[in-house]
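Okay, structure first, notes after.
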Amino acid sequence: MAKDTKQKKADKKARVAQKQQKKATQKDKKQSKKPKDDDSDVEDADLDAILAAYQKQQEQFLKVTEEVSEPPSPPSPSNNSELFLFGGEYYNGALATFFNDLYVYKINSDHWRKVTSPNTPLPRSGHAMCQGGNAGGIYMFGGEFSSPKQGTFYHYNDLWRLEPSTREWTKLEGKGGPPARSGHRMTYFKNYIVLFGGFQDTSQQTKYLQDVWLYDTQRFNWHSPAFPPASQRPDARSSFSLLPHDSGAVIYGGYSRVKASTAISKSSKGGRQGSRVTMKPVVHQDTWFLRIIPPASDSAVNTPPTVRWERRKKPVNTPNPPRAGATHAHHKGRGISFGGVHDVEESDEGIDSEFFNQLYAYNIDRNRFFQLSLRRPRTSAKKAGAAAERGRRGRGKANEEELLRNLAMIENKGSLDDGSDDTTLPEAAEDRDETEIEEKIEKPVMWEMPHPRFNAQLTVQDDILYIFGGTFEKGDQEFTFDEMWSIDLGKLDGVKEVFKRDLEDWQGSEDEESDPDEEDDEGSDEDEDEGEGTEPSTPATSVAPDELSAEIASSEAETEEAEGPRVEDKLPHPRPFEALREFFARTSNDWQDVVLEAMKYDRNAASRSVKDIRKKAFEHAEGKWWDCREEVQALEDEQEAADISEVVSLDQRGGEGATGGARRR
């Protein structure tokens with residue numbers, strides 16, 4: 001009996017120990033998922049020591065190296081067939097990670113390359129980069145770095161120049177210059193870099209800035225223009241759009257937090273009402289033009305340019321509702337914007353936000369927004385027959401060229417197999433290899449815009465828009481997209497996937513997790529009920545083709561108010577379904593007349609060749625083609641709805657004086 005009692009006590013002790021061990025394991029597992037306490041070693045990290053360690057690690061690289069790489073996980077301007085991405089930040093709900101990697105995306109070969117060098121800038125996010133204008137290169141200023149738990153912040157005030165051809169960074173030292181900041185924007189004007197706005201975060205408060213700085217890339221010094229005290233100028237802000245212009249720069253939108261008094265009632269007898277000061281978020285919708293007048297040629301050295309602010313009228317057809325984080329990229333006199341976020345309600349539980357994935361084009365000179373929608377390619381039996389005919393002609397022409405080349409080799413007493421023509425054949429083979437590489441790049445295409453997001457990185461190269469990264473929030477969770485997409489702005493024929501990787505696990509709140517891509521799947525299931533062959537659903541702000549004329553007619557007064565009185569345009573206008581090359585071939589003489597007329601007032605006109613005149617004429621034609629692109633696309637949509645696939649003028653059929661009989665032939 002005593003033996004049984006002893007055995008029971010031992011079993012009970014074993015069960016208790018096992019239960020305690022299980023509880024300890026669950027506690028450790030739960031603790032590992034949660035952020036550490038505020039007094040942890042992570043939060044007490046010394047930022048200066050961390051940055052010094054980064055600097056020491058960077059100095060170990062003896063030269064600039066470039067190696068094949070996977071697409072980058074963090075997020076600027078482009079150089080010919082290359083895109084450059086530097087730095088960025090990733091937050092997983094517990095800790096923030098900053099990067100100082102430089103990645104180069106080679107568009108033609110669809111390859112990523114990671115660049116390391118001994119003088120790479122320190123890790124950062126919220127910095128600004130832009131092309132160097134007349135000076136070339138890529139310029140970068142400022143940004144921020146924080147402790148892993150974002151308890152303390154460090155803002156940079158350093159200026160760097162990246163040479164795209166050699167991948168080398170150069171730190172530009174100089175007296176004065178803008179104070180440290182992040183969230184600012186930069187653009188170029190002639191030989192100047194223009195910088196405006198941003199914010200400084202001290203963990204206690206956030207200060208938004210409204211100062212303007214110009215950096216002279218020829219004399220390597222900063223200018224801070226002084227404005228009259230009574231003159232109008234934009235409010236302090238960050239996350240706005242700053243677009244280049246022939247006469248300066250244009251600012252639109254932005255975000256800031258301003259002090260506001262909120263009434264509160266006291267519960268005491270004879271209750272008086274008091275007030276408390278809170279920081280209210282503001283999404284700016286105003287537009288400003290920064291006019292810059294360079295100093296005269298006979299001015300003294302270091303004479304700063306003349307700068308003044310001019311407030312513009314509210315743009316026509318602005319995105320509704322107003323949104324923050326809708327980044328812009330400059331393209332042919334337009335600003336291309338994507339995404340954004342609108343805070344629709346603020347309560348004790350937090351802010352309820354609405355995210356967007358709409359694509360807009362902002363015409364800078366006309367001060368008007370146009371929404372861009374994807375357009376499925378037109379297919380018809382007539383086009384298919386024409387394509388087949390072109391294919392047969394192309395094969396016939398290739399056979400003819402090969403025959404002539406062989407005859408020429410025989411006349412030169414060369415054999416077809418001896419490879420004597422070594423000056424052209426290797427080059428042709430090289431071109432063929434490049435063509436084969438481009439033909440192998442087949443990217444998935446989808447007929448809906450990428451998932452809604454804000455603060456995506458945008459750039460345009462060869463009329464192709466590239467969308468990288470961005471952020472989406474759901475509840476307390478924050479998703480950083482690890483993907484890049486491309487859209488042809490001329491054709492708008494779908495969205496191509498450059499690369500896409502799954503989102504990493506969220507380490508923050510233990511609320512029910514959800515993948516933003518699942519929302520797209522649910523939406524697509526609902527769309528399937530609409531039937532096959534239907535166009536992708538359009539947002540509520542879009543306009544159907546049959547309502548477009550009424551929409552334009554009703555907004556003429558608003559357009560005239562924003563754009564000013566219209567001046568009769570006697571320049572050639574693109575036709576529906578007319579490509580840029582076709583437009584220039586038809587109107588080349590008209591544009592050359594425009595150039596020749598302008599040359600009457602140009603002192604250096606005598607030195608211009610016929611080739612220069614034709615090149616300038618093409619630039620004028622290209623600007624006009626893109627300036628009218630959205631309106632022409634609207635006409636094309638109307639005509640496609642009416643089953644009109646092509647518009648041909650009478651002179652193309654039988655000449656200007658052709659009779660009915662000639663047209664019938």
Side-chain angles (χ1 to χ4, degrees), residues 76-77 121 124-144 154-162 170-201 206-229 231-256 284 286-295 299 301-311 328 330:
S76 254
R124 66 192 69 200
S125 68
H127 49 285
M129 300 179 73
C130 73
Q131 297 180 8
N134 296 346
I138 301 173
Y139 287 78
M140 180 185 74
F141 179 84
E144 67 182 47
Y154 179 88
H155 290 272
Y156 296 97
N157 67 339
D158 48 353
L159 178 66
W160 295 80
R161 183 184 186 276
L162 173 66
T170 303
K171 187 174 183 179
L172 303 175
E173 306 283 359
K175 294 182 179 179
R181 67 190 68 200
S182 59
H184 51 293
R185 297 292 183 265
M186 296 197 312
T187 189
Y188 57 90
F189 172 74
K190 298 186 184 298
N191 59 297
Y192 295 100
I193 300 297
V194 184
L195 184 150
F196 174 76
F199 68 90
Q200 295 173 335
D201 195 334
T206 302
K207 178 184 178 182
Y208 290 88
L209 306 171
Q210 61 177 159
D211 49 347
V212 178
W213 292 84
L214 302 179
Y215 181 76
D216 191 334
T217 58
Q218 293 180 346
R219 305 196 180 278
F220 309 103
N221 55 7
W222 286 99
H223 298 291
S224 179
F227 300 97
S231 64
Q232 283 191 324
R233 54 178 174 167
D235 295 330
R237 66 190 72 190
S238 69
S239 300
F240 51 91
S241 299
L242 182 61
L243 300 170
H245 189 270
D246 292 340
S247 302
V250 174
I251 283 179
Y252 171 76
Y255 175 87
S256 65
H284 300 273
D286 50 348
T287 309
W288 295 80
F289 181 74
L290 183 67
R291 188 172 297 278
I292 305 175
I293 304 174
S299 301
V301 179
N302 292 333
T303 300
T306 303
V307 180
R308 70 171 183 267
W309 284 110
E310 298 174 4
R311 180 158 191 163
H328 278 69
H330 182 255

Apply side-chain contact (heavy atoms from CB on, under 4.5 Å) to H328 and L243, showing your working.
CA-CA 8 Å; H328 278 69; L243 300 170; 4.0 Å; yes
Mind checking whether [X] and [Y] have side chains closer than 4.5 Å, heavy atoms only?
X	Y	value
K175	N221	no
W309	P234	yes
L214	P305	yes
R237	F196	yes
D201	E144	no

Quick one: are the ring centres of H184 and F141 less than 6.0 Å apart?
yes
Aromatic contact, F240 with W288 (centres under 6.0 Å)
no
Rounded to the nearest 0.5 Å, what separation is found between the [atom1] atom of [X] and the [atom2] atom of [Y]?
X	Y	atom1	atom2	result
F189	L290	CZ	CG	9.5 Å
Y139	T170	OH	OG1	9.5 Å
N134	Y192	CG	OH	10.5 Å
R219	N191	CZ	CG	9.0 Å
S239	H284	OG	NE2	10.0 Å
M140	I193	CE	CD1	13.0 Å

I'd like to know whether W222 forms a side-chain contact (heavy atoms from CB on, under 4.5 Å) with L172, so could you lay out the CA-CA distance, the side-chain angles of the two residues, the decisive distance to 0.1 Å, and finally the verdict.
CA-CA 11 Å; W222 286 99; L172 303 175; over 6 Å; no
Could you report the tightest heavy-atom contact between [X] and [Y], atom names first, then the distance?
X	Y	result
S231	P228	OG-O, 2.7 Å
A135	R161	O-NH2, 3.4 Å
Q232	R311	OE1-CB, 4.1 Å
S125	S182	O-CB, 4.4 Å
A128	M186	O-CE, 3.3 Å

Distance-only, no hydrogens or angles: does the R181 side chain make a donor-acceptor pair with backbone N or O of G197 under 3.5 Å?
yes
When you measure from the side chain of H245 to the backbone N and O of S247, does any donor-acceptor pair fall under 3.5 Å?
yes
Given side-chain contact (heavy atoms from CB on, under 4.5 Å), test V212 with F227 step by step and report yes or no.
CA-CA 10 Å; V212 178; F227 300 97; 4.2 Å; yes
Can you check ring pair (Phe, Tyr, Trp, His ring centres under 6.0 Å) on Y156 and H127, steps first, answer last?
CA-CA 9 Å; Y156 296 97; H127 49 285; 9.0 Å; no
For the residue pair Y208 and F199, categorise the inter-ring angle as parallel (less than 30°), tilted (30 to 60°) or perpendicular (more than 60°).
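Judged by the thresholds at 30° and 60°, the geometry between Y208 and F199 is tilted.
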Verdict with reasoning, W213 to D211, per side-chain contact (heavy atoms from CB on, under 4.5 Å)
CA-CA 7 Å; W213 292 84; D211 49 347; 2.9 Å; yes
